[in-house]
Amino acid sequence: MTDGLHDLLARVAKRPRALTRPELAALLAVDGEDEIQSLFDAAYALKVKYCGKRVAMRGIVEAGNVCAKDCYYCGIRGSNGNLSRYQLSADEIVRLAELDARQGYASLVIQSGEIESEEHTRFIEDVLRRIAPLDLGVTLSLGEQKEEVYRRWKDAGAARYLLRIETSNPDLYATLHPASHSWERRVECLRALRRCGYQVGTGVMCGLPGQTYDDLARDIEFYAEMDVDMIGMGPFIPHPDTPLGTNNQPPTTNYQALTLGLKMIAVTRLHLHDVNIAAATALQALAPDGRERGVRAGANVIMPNITDTKYRRSYQLYAGKPCLDENAGMCKGCLERRLAAIGESVDYGHRGDSLHYRLRTRGSASITEGGAA
Ligand code: SAM
């Protein structure tokens with residue numbers, strides 16, 4: 001490791017938000033196995049300091065693939081006719097929430113394509129009220145909605161909301177979406193979520209066509225400026241049935257895509273310290289141990305898929321989605337073993353609230369050895 005990198009890593013470990021944009025970009029660009037490993041080790045040390053050697057689990061329910069949006073990269077975009085559309089019933093979602101509680105995850109994510117209608121708003125409210133007695137930390141990831149809708153879902157029991165900005169560069173965003181999709185609205189939605197009192201999460205895709213290290217550095221600054229509590233980001237993986245499925249970019253190997261995704265996790269941890277960072281399933285699509293590597297690079301959350309296997313093929317956002325045929329029980333055992341192999345354990349029975357959220361809302365949470373008090 002060079003002296004410069006050593007000094008920089010020592011400095012950022014002492015104080016959050018200490019990196020300038022050029023320094024963020026330089027860290028993202030580090031090359032060479034030793035230097036990359038030093039980056040991951042420094043980020044992992046901060047993960048252990050703030051979150052302990054434990055990983056929070058949130059079972060993810062892919063509640064439906066009906067989507068009004070037409071994002072150029074996404075397999076469930078509205079105009080993709082090569083998949084059958086589905087929507088889980090309220091009973092099915094409640095049953096999966098009960099399964100999640102039995103698994104001991106204490107936390108649940110409900111994600112779907114984007115639908116804005118009174119009927120859908122009421123449907124989600126009903127589901128949230130029915131699962132409230134399970135006392136799970138519920139994250140919603142249901143796209144852009146009116147502030148009033150976010151408020152109703154919060155009142156019905158949701159605690160967190162994940163809405164990726166996808167990229168903090170509006171010009172790059174415009175190349176990834178039709179003109180009807182607004183980057184500004186997405187930012188406004190993040191602000192609305194914050195006003196409604198959610199733990200707010202955002203994130204980006206890494207390795208997008210035309211994206212630079214400066215864009216990614218700006219993404220991390222965006223997380224800091226929006227003061228978000230959770231980050232869910234992962235590699236962009238082309239889906240063949242989308243406009244970006246066959247782009248004219250130079251080919252990227254799985255190794256390059258994975259390494260970039262891991263570097264984003266590491267540099268985000270180094271800059272923000274106390275936020276929750278998820279090791280995205282897309283990492284596992286690039287390497288079987290992708291999510292564990294995400295943890296070793298600074299992530300502290302994993303979202304195992306608990307959706308019934310019969311729906312999983314219809315919710316393929318990108319090519320090569322893993323665990324298409326593995327039910328929730330198999331995922332649980334597999335993850336326990338995989339985490340044990342890297343000296344980590346599953347944080348059963350805890351909702352895994354973001355320490356950053358607790359600090360900014362209570363002002364009294366403190367750091368103890370290996371995690372938040
Ligand atoms: N509709 C909600 C929304 O827009 O936030 C949630 C569902 S959306 C399918 C979830 C995330 O999938 C998106 O935010 C996007 O980052 C990710 N995604 C979609 N296509 C992808 C691809 N080809 N590679 C990697 N991630 C992708």
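For reference, positions follow the sequence shown, starting with 1. Both ligands and their constituent atoms are indexed starting at 1 by order of listing.
Near ligand 1, residues Y73, C74, Q111, S112, G113, E114, S141, G143, L163, R164, E166, R186, M205, P235, F236, I237, Y315, L317, Y318 each place a heavy atom inside the 4.0 Å sphere around the ligand atoms.
Residues meeting the side chain to side chain contact (heavy atoms under 4.5 Å, CB included) test with I36, sequence neighbours left out: V30, F40, T259. Under the side chain to side chain contact (heavy atoms under 4.5 Å, CB included) criterion, S89 pairs with D91, E92, sequence neighbours left out.
Ion pairing of R77 with D70 is present here, as a side-chain N (NZ or NE/NH1/NH2) and a carboxylate O approach within less than 4.0 Å. Under the 4.0 Å criterion applied to side-chain N and carboxylate O atoms, R313 and D325 are assigned as salt-bridge partners.
More than 12 non-hydrogen atoms from other residues, nucleotides or ligands lie less than 6.0 angstrom from CZ of R195.
Listed by first and then second residue, the salt bridge (charged side-chain N to carboxylate O under 4.0 Å, His left out) pairs involving residues 57-69 are E62-K321, K69-E114, K69-E144 (not counting sequence neighbours).
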